[in-house]
Structures are given as C-alpha cells and as structure tokens.
Amino acid sequence: MSQNKQLFSQIKLMKFILISLFFIVFNSSYTLAAPEVTSVRFGGDQNKTRFVIEVNGNSAFRTFTLANPNRIVIDLDEVTWNIGPGGATGKGLVNNYRYGLYTPGTSRVVLDLKSPSKISNSFVIKGKGGKPNRLVFDFEKISQAVCTTLVSNPAVQAKAVASTRRPSNVPRSGKKIIVIDPGHGGHDPGNLGGVKVNGISEKNVTISASRNIKKILEASGRYKVIMTRDRDIFLKLRERSNVAHRNNADLFISIHADAFKSPSVRGATIYTLTERASDREAAMLAARENKSDVIAGVDLQDEPDIVQNILIDLVKQETMNLSNRFAKELAIELKKSVRVRKRSLRSAGFAVLKGIDVPSVLIELGYLTNPTDAKLLMQKETHDKIGNAILKATDKYFQQNFAYN
C-alpha cells in the first residue's frame with residue numbers, strides 16, 4: 001500500500017512539473033513575441049496635428065527631428081506591423097509617412113512634414129479591457145529657423161570597413177559570387193505605385209523577385225548568391241555595396257521596380273553607373289532612389305559635391321566597362337522573356353552603384369504604376385522568366401570575359 005502511495009505521489013509530482021514547464025514555455029513564447037501595431041490615425045489641422053499609434057503590448061519610443069527636408073522620426077522597440085503596406089498619406093502637418101524594421105530590435109516611423117514642426121507633447125494611454133495601448137504624439141507648427149535648431153542625429157556612424165578584397169593576381173577557384181540587392185526595405189517602402197493596383201509596395205516586389213532569382217542562379221551549380229537583405233529590413237545604400245566588397249563579389253545586381261506619372265508606361269530597364277545620366281528620366285530616377293538614406297533619418301551623402309564627383313571618377317574604368325558588357329548581355333536575354341522599355345539600356349549616378357569595385361547593374365523590373373506590370377511583378381512565373389534571363393546573361397558574360405576555374 002505504501003508503494004502505491006509513493007507511486008501516486010511521484011505521478012502527481014511529474015504532472016505538476018509538466019504543467020509548470022508548459023506554462024513556462026507558453027509565457028516565454030508570449031513574452032518574446034513582438035508587440036503588434038494594429039492602427040495609426042491622425043487628427044488636427046495645418047497648425048497642430050495629433051498622430052496616434054495603437055499597439056498591442058509595450059514598446060518604448062524615442063523621437064528626433066530632421067530638416068531639409070523636414071521630417072520627424074519615431075523609433076520604437078521592434079514591433080510587428082499589421083496595418084498594410086509600408087507607407088501612406090498623412091494629414092494636417094504631415095504630408096506622408098512610412099514605417100518598418102530599421103535594425104534588429106528597432107522599428108522606425110518617418111513622417112514627412114508639409115511645414116516645419118516639432119513634437120510639443122508625447123505620452124502613452126494604457127489600454128483597458130484588452131484594448132491596445134495608444135502612443136500619442138502632438139505636432140506643432142514652428143518656423144524653419146527653430147526647426148533647424150532642433151535637428152539632431154542619433155545615429156552612431158559605423159567605422160569604415162577595411163578592405164578585404166582579394167588581390168587581382170590571386171587565382172580564383174570555386175563558384176562565382178553574385179550579390180543580389182533587393183531595393184528598399186523596412187520603413188523605406190520605395191515606390192508605392194502598386195498599392196493602388198493590388199496593395200503592394202516596391203520593397204515587397206524586390207524581395208520576392210530576388211529570392212526567386214537567387215534560387216535559379218544557385219540551382220545551376222555555378223554560382224554562390226548572397227542577398228544584401230533576406231527580410232523586410234532597412235539597409236543604407238553604402239551597406240548594400242559593402243556587402244559586394246566584403247564578399248569579393250564577381251557581380252552586383254540591384255533589383256527595383258519603377259514608377260512613372262503615366263500609367264501606360266511599362267517594361268524593364270537596365271541601368272549602369274555613369275557621371276552623366278543618359279537622359280532626364282534616368283537622372284530623376286537616380287535622384288529619387290538616392291534619397292533612400294535621407295528618409296531613414298541619416299543622410300549618407302554627407303561629402304561635398306566635389307568629393308562625390310571625385311569618388312565617381314575613381315571608379316575603375318575597367319569595372320565600368322565590364323558592367324556595360326554584362327548590361328548588354330542582360331538586355332538581350334530580358335527582351336526574349338519579358339516586356340522591356342524601348343531604350344532598355346540607360347545610365348545614371350545611382351548611389352548604390354558607387355564606390356564598389358565589382359561590375360554592377362541596377363534593374364528596374366517594370367512599373368508598379370502600370371496595372372499590368374504591377375500584377376505580373378508579384379507572380380512567380382514572371383520571376384522565373386527574369387531569373388532565367390539573368391542566368392543566361394551571367395553565363396555568357398563570364399564565358400566571354402573570364403575563364404572558368
């Protein structure tokens with residue numbers, strides 16, 4: 001009888017331990033889950049505007065102001081965004097806003113202002129009865145002079161990355177290395193032209209297409225593919241090019257999706273780096289893309305114009321020649337597979353292509369402002385066509401310019 005009691009006690013103890021472990025695991029998983037943003041809204045007018053973020057859970061926040069252009073930046077402890085594409089139109093003092101993951105552990109909201117403004121008040125209203133917490137930010141219109149005095153830059157500038165490229169006379173072996181760069185990401189959604197068509201932004205198109213392109217290139221067995229980002233996170237333009245530099249890449253391919261005022265314009269375009277843009281449209285596109293770092297709250301184009309020009313001049317002519325050769329092969333193959341612009345080869349001063357010592361191109365896959373392109377660019381069949389075209393062009397490029405090891 002005593003043995004039965006002892007066995008019964010042991011069973012009760014084991015049940016208690018198992019139940020305790022279950023609750024520990026459950027609570028740990030719940031605690032580790034990122035708070036979820038469920039809604040944002042605006043109120044007010046052109047002099048005072050209120051911005052409210054509703055979030056299920058706790059998230060500390062930090063704010064700072066930027067000028068030229070005027071912006072207010074709100075950094076949150078990492079959250080999950082459940083409010084649609086990464087940007088939308090604002091109200092009152094806010095022209096528009098964008099949001100997303102900035103760095104692991106930090107999410108960012110960038111609000112582009114119609115007029116210079118400051119945060120006059122900010123506070124948290126705790127939700128009751130299971131309702132979300134509300135992060136409240138009151139904006140007040142101020143003069144440009146006052147706005148300039150409020151400007152701060154919380155970013156810690158990273159130390160320059162030491163050169164790790166292999167000397168040109170060292171023999172290569174193994175697979176060729178290709179870096180695929182999905183444009184934009186995180187709180188920088190890029191072109192939002194597709195949102196009106198089917199609810200997609202450029203950052204969604206580029207990451208989806210890049211993943212498919214990577215699979216096709218690697219399936220050939222000839223290439224090792226590295227992506228600058230493999231999730232919805234923000235990367236500064238120079239960080240993208242540094243990925244190619246650090247990994248001794250043989251090719252750098254930046255993937256984007258274009259926008260145009262006329263919805264009838266469609267088709268892919270291939271760009272290479274040059275001091276002078278091939279046309280006005282190319283120049284405007286480069287200027288728009290190069291602002292990706294500015295809207296993040298840190299303007300990486302901090303050198304004077306004369307230094308920027310020198311940096312462009314210092315790009316090796318041979319590297320630029322190889323970039324053009326690859327671009328021509330790619331244009332031929334893309335024309336066989338997908339719709340391309342009449343002038344499919346263009347050039348401009350893209351920041352993401354500057355300062356890297358590997359052949360590089362930027363591909364605008366199509367126009368999200370065109371309903372047909374917008375729908376096609378989220379289809380796997382289209383990605384496969386583009387990926388196979390890139391594979392064929394890459395094979396021809398290496399066969400004609402290098403001996404395989």
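Numbering of residues begins at 1 and proceeds along the displayed sequence.
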When you look at Thr372 and Arg339, which way does the side chain to side chain contact (heavy atoms under 4.5 Å, CB included) test go after all the steps?
CA-CA 11 Å; Thr372 302; Arg339 176 76 170 263; over 6 Å; no
Dump the intermediate steps for side chain to side chain contact (heavy atoms under 4.5 Å, CB included) on Leu330 and Tyr397, then the final yes or no.
CA-CA 9 Å; Leu330 184 55; Tyr397 165 77; over 6 Å; no
Take Asn58 and Lys126 through the test side chain to side chain contact (heavy atoms under 4.5 Å, CB included) and record every step on the way to the result.
CA-CA 9 Å; Asn58 298 315; Lys126 289 288 186 179; 2.8 Å; yes
Between Asp75 and Thr106, does a side-chain hydrogen bond (donor to acceptor under 3.5 Å, both in side chains) hold up when you go through it step by step?
CA-CA 7 Å; Asp75 280 349; Thr106 302; over 6 Å; no
What verdict does the side chain to side chain contact (heavy atoms under 4.5 Å, CB included) test give for Lys396 and Glu333, after you've listed the backbone C-alpha separation in whole Å, the side-chain angles of each residue and the deciding distance to 0.1 Å?
CA-CA 10 Å; Lys396 288 183 179 179; Glu333 296 302 327; 2.7 Å; yes
Please lay out, stage by stage, how Lys175 and Glu218 fare under the test salt bridge (charged side-chain N to carboxylate O under 4.0 Å, His left out).
CA-CA 10 Å; Lys175 299 177 181 179; Glu218 289 189 331; over 6 Å; no
Glu364 and Arg341: CA distance, side-chain angles, deciding distance, salt bridge (charged side-chain N to carboxylate O under 4.0 Å, His left out) verdict
CA-CA 10 Å; Glu364 295 285 352; Arg341 293 289 302 275; over 6 Å; no
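Thr269 and Arg343 get closest at one heavy-atom pair: CG2-O, 4.1 Å. Across all non-hydrogen atoms, the minimal contact from Ser337 to Ala389 is OG-CB, 4.0 Å. Between Ala67 and Gln144 the shortest heavy-atom distance is CB-NE2, 4.0 Å. Minimum heavy-atom separation, Ala257 to Val205: CB-CG1, 4.3 Å. Across all their heavy atoms, Ala34 and Glu78 have their closest contact at CB-O, 3.8 Å. Scanning all heavy atoms of the two residues, the minimum distance from Phe137 to Ser122 falls at CD2-CB, 3.8 Å.
Atom-to-atom distance recorded for Lys328:NZ and Ile270:CD1 is 12.0 Å, nearest 0.5 angstrom. Here CD of Glu54 is found 10.5 Å from CD1 of Ile83. Values are rounded to the nearest 0.5 Å. We find the CG-CD1 distance between Asn247 and Ile226 to be 3.5 Å, quoted to the nearest 0.5 Å. The CG atom of Asn388 sits 11.0 Å away from the CG atom of Leu334 when rounded to the nearest 0.5 Å. Atom NZ in Lys91 sits 10.0 Å away from atom NZ in Lys114 (nearest 0.5 Å). To the nearest 0.5 Å, atom CG of residue Leu365 and atom OG1 of residue Thr382 are 9.5 Å apart.
Judged by distance alone, with hydrogens and angles left aside, the side-chain atoms of Thr394 form a donor-acceptor pair with the main-chain N or O of Ile390 at under 3.5 Å. When atom types are taken as modelled, the side chain of Arg50 and the backbone of Arg41 share no donor-acceptor pair closer than 3.5 angstrom. Although no hydrogens or angles enter the test, the distance criterion places a donor-acceptor pair under 3.5 Å between the side chain of Arg240 and the main chain of Pro182. The backbone N or O of Ile180 lies less than 3.5 Å from no partner atom in the side chain of Ser210, so there is not a single donor-acceptor pair. One N or O on the side chain of Asn370 and one on the backbone of Pro263 form a donor-acceptor pair closer than 3.5 Å. The backbone N or O of Gly186 lies less than 3.5 Å from a partner atom in the side chain of Lys203, making a donor-acceptor pair. Of the possible polar contacts, one joining the His383 side chain to the Leu377 backbone as a donor-acceptor pair under 3.5 Å is found. Judged by distance alone, the side chain of Arg108 and the main-chain N or O of Val73 form no donor-acceptor pair under 3.5 Å. Side-chain atoms of Asp250 come within 3.5 Å of backbone atoms of Ile177 as a donor-acceptor pair (strictly under, hydrogens ignored). At distances below 3.5 Å, at least one donor-acceptor pair connects side-chain atoms of Ser120 with backbone N or O atoms of Asp138.
Within 6.0 Å of atom NZ in Lys224, 12 or fewer heavy atoms from other residues, nucleotides or ligands are found, so the atom counts as exposed in its surroundings.
Residues Cys147 and Asn70 are in side-chain contact: their nearest non-hydrogen atoms beyond the backbone lie under 4.5 Å apart. For the pair Ile53 and Phe61, the minimum side-chain heavy-atom distance is 4.5 Å or more. With a 4.5 Å cut-off on side-chain heavy atoms, Arg71 and Asp112 count as touching. The shortest distance between side-chain heavy atoms of Pro359 and Leu251 falls below 4.5 Å. The closest side-chain heavy-atom distance from Val243 to Leu235 is not below 4.5 Å. Looking only at side-chain heavy atoms (C-beta outward), His256 and Glu202 come within less than 4.5 Å of each other. Within the 4.5 Å cutoff, no side-chain heavy atoms of Tyr99 are placed close to those of Val40. At least one side-chain heavy atom of Ile74 sits less than 4.5 Å from a side-chain heavy atom of Leu111.
Using a 30° and 60° split on the angle between ring planes, Tyr102 and Phe234 fall in the parallel class, below 30°. Ring planes of Tyr367 and Phe260: perpendicular class, angle over 60° (limits at 30 and 60°).
No hydrogens or angles considered: nothing links the side chains of Lys385 and Asn212 as a donor-acceptor pair under 3.5 Å.
The pair Asp77-Arg62 meets the salt-bridge criterion, since a charged nitrogen lies less than 4.0 angstrom from a carboxylate oxygen.
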